[in-house]
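Here's the structure we're looking at; comments come further down.
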Amino acid sequence: MNEQESISYLTQQQAAEIDDLLMGNLGFSIDQLMELAGLSVASAVAEVYKPSEYNRVLVICGPGNNGGDGLVAARHLHHFGYKPSIWYPKRTPKPLYAGLVTQLESLSVPFISIDSLPQEFLNFDIIVDAIFGFSFQGNPRPPFDDLIMSMASLSAHYPEHQKSPVIVSVDIPSGWHVEDGDRSGDGTRPDMLVSLTAPKLCARTFSGRYHFLGGRFVPPSVMQKYKLRLPKYPGTAMCVQIGNSCQIKVEDPVPAKFLQKNVEADPFLQFQKWFDDAVATGLKDPDAMALSTANKDGKPCVSPILLSFFLLQIIIGQNSSRMVQLKKVDREGFVWCSNYGSRKGHEIAENPHASLLFYWNTLNRQVRVEGFVHKVSDEESELYFCSRPRDIQIAPAVSKQSTVIPGREALHQQCKELEEKYPEGNKIPKPQNWGGYRLIPESFEFWQGDESSVHLRSQYFAQNTDGETKWRIIQ
């Protein structure tokens, strides 16, 4: 169910009436509803943002029921394998909320204070906005007013193509009117909205990537009384996706002939548009890319070979290719991390030119980027290393890529010894031979397939004019 017209949206009064019914004649207690709501939020997060990539979660809790939903969600996220932290500046002294705090403290989930915004947000991969619910009226007061402004301006401080942080709003994005949405233009711009019970009217104006419905507790009598049209929850799921404003219909790809006029003059903007489309389709590992390098005698080139849904690694002559993960892209280039002593590390040292290839099969698209490669700073590499989950920090610390080892048992033993040397809570030092590389693009090629075999290819070539890089486009 993806069409907004096929789903019911509640006014503020209707939402309040349904809550009163649930906790009145229908026998629900506030803690039951809060538990189901928080579990729904955590389930929606886990549907899209896997803990292997989005591990660090900041849950911002307001003083009311919405904040309680956030506390419950944090507990479930902890059990799902995430590392949540809580910012809860206006604690509610009621036993229900005190109990939720105690539960989180028993799990060693940290309660933190944020002194520097928005810079502090970069320490997290996900921000859960659980500040105000549908009953809130008026203007936010300190400390939430400045916090909402900081969240709303995230895109201005940090480029949109950075994978972190993403914002997940619980029921009502902070700064929004329950019915009119972000009428001031100063509200939060979440990547995901998790509506509870039923979407509120403001959700009609939500333009983020993912819209989920949670709170699988609405009885038939309420559905009938308010003539609610809500999607069915699949299987035993606690959430259901009801919309995705950026979704590309995989079964109906856009023909190439309709895309040519929409090509951006800036290749970085064009890449960001296509990358966002790939993420929106739910494609597994949209940030996977084939990295091709060569030794001092050759230049790299890579060709995509489709085998099921994977790119086949190819090694031709003195050129070599392998799959790596994009860590970051901005106007300075494309960043990934690796062992400097690996084959690709040696080849980059001899010949600092490389090629990247992204292939998104469900969209029938590929992007090739060629350019010059250099190492990022030690400080930037350290940040990347510290952002990785602990178990993924251990692997590069013991791995000697592109070398012969006695067997996997030797690696497992080295991992065990390192874990004993640096027990939980102790920082694992970044290996000296591990760090980031940045490819500075000299050319881009965007390829859009078409079932007619009349494909679209747009090439961008960097031209330096009076110290300024401009891009020449060939189609």
Side-chain angles (χ1 to χ4, degrees), residues 2 48 50 53 159-163 166 191 207-210 244-292 300-314 321-331 333-336 354-371 439 441-462 471-475:
N2 290 319
V48 176
K50 304 306 178 186
E53 300 178 44
E160 293 179 2
H161 46 249
Q162 286 188 237
K163 291 195 301 182
V166 296
D191 301 89
S207 60
R209 291 177 180 169
Y210 303 102
N244 184 337
S245 63
C246 296
Q247 187 170 9
I248 301 296
K249 293 184 178 179
V250 175
E251 68 274 11
D252 185 23
V254 181
K257 60 185 177 182
F258 297 125
L259 292 176
Q260 188 167 2
K261 63 182 180 180
N262 295 322
V263 171
E264 296 282 350
D266 185 330
F268 290 99
L269 294 179
Q270 184 65 38
F271 178 84
Q272 187 59 51
K273 286 174 59 176
W274 278 24
F275 185 81
D276 287 346
D277 288 345
V279 172
T281 63
L283 180 68
K284 183 180 180 182
D285 299 326
D287 52 0
M289 59 186 186
L291 165 66
S292 295
C301 65
V302 65
S303 299
I305 300 177
L306 182 61
L307 182 60
S308 297
F309 297 103
F310 299 98
L311 282 168
L312 181 65
Q313 178 177 318
I314 56 173
S321 301
R322 76 289 291 158
M323 302 303 297
V324 297
Q325 183 183 37
L326 175 68
K327 186 67 178 178
K328 174 184 177 182
V329 56
D330 55 24
R331 293 199 170 275
F334 292 72
V335 177
W336 68 95
S355 173
L356 305 174
L357 176 71
F358 296 84
Y359 180 64
W360 301 305
N361 62 296
T362 54
L363 296 174
N364 203 10
R365 288 175 175 174
Q366 67 182 26
V367 180
R368 184 157 54 90
V369 188
E370 297 180 4
L439 182 142
E442 296 171 337
S443 67
F444 289 78
E445 179 181 280
F446 295 85
W447 183 92
Q448 172 70 62
D450 184 61
E451 60 184 11
S452 68
S453 295
V454 181
H455 309 305
L456 172 68
R457 182 176 65 177
S458 299
Q459 295 176 298
Y460 296 73
F461 297 94
W471 294 92
R472 179 168 60 94
I473 306 177
I474 299 177
Q475 294 183 312

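Just so you know, these numbers use all the heavy atoms, side chains as well, and skip hydrogens, waters and symmetry mates. Since this is a predicted model, take the numbers as computed values, not measurements. For reference, positions follow the sequence shown, starting with 1.
With hydrogens and angles disregarded, no donor-acceptor distance shorter than 3.5 Å links the side chain of Glu370 to the backbone of Ser443.
Atoms CE and CD, from Met289 and Gln325 in turn, are 8.5 Å apart once rounded to the nearest 0.5 Å. Atom CG of Leu283 and atom CG of Asp277 lie 11.5 Å apart (nearest 0.5 Å). Put simply, CZ on Arg472 and OH on Tyr460 are 13.0 Å apart, with the number rounded to the nearest 0.5 Å. In this structure, the separation between CH2 on Trp447 and CZ on Arg457 is 11.0 Å, given to the nearest 0.5 Å. Rounding to the nearest 0.5 Å places CH2 of Trp471 at 12.0 Å from CD of Gln459. Here the NZ-OG1 distance, from Lys284 to Thr362, works out to 13.5 Å after rounding to the nearest 0.5 Å.
Closest heavy-atom contact between Leu291 and Ala354: CD1-CB, 3.9 Å. Nearest heavy-atom pair, Pro441 versus Gly333, reported as atom, atom and distance to 0.1 Å: CD-CA, 4.0 Å. Between Asp287 and Phe358 the shortest heavy-atom distance is O-CE2, 4.3 Å. Taking each heavy atom of Val166 and Asp191 in turn, the nearest pair found is CA-OD1, 3.3 Å.
Partner Phe271 forms a side-chain contact (heavy atoms from CB on, under 4.5 Å) with one of Phe268, Trp274, Phe275 and no other, that one being Phe275.
Using a 4.5 Å heavy-atom threshold, the side chains of Trp360 and Val279 count as separate. Looking at heavy atoms from C-beta onward, Gln270 lies out of side-chain contact with Val367 at the 4.5 angstrom threshold. Looking at heavy atoms from C-beta onward, Asp285 lies in side-chain contact with Glu53 at the 4.5 angstrom threshold.
Taking the salt bridge (Lys or Arg N to Asp or Glu O under 4.0 Å) definition, one finds that Asp266 meets it with Arg331, sequence neighbours left out.
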Run the side chain to side chain contact (heavy atoms under 4.5 Å, CB included) test on Leu439 and Trp336 for me, step by step, so that the C-alpha distance in whole Å, both residues' side-chain angles and the decisive distance to 0.1 Å come before the verdict. CA-CA 9 Å; Leu439 182 142; Trp336 68 95; 3.8 Å; yes
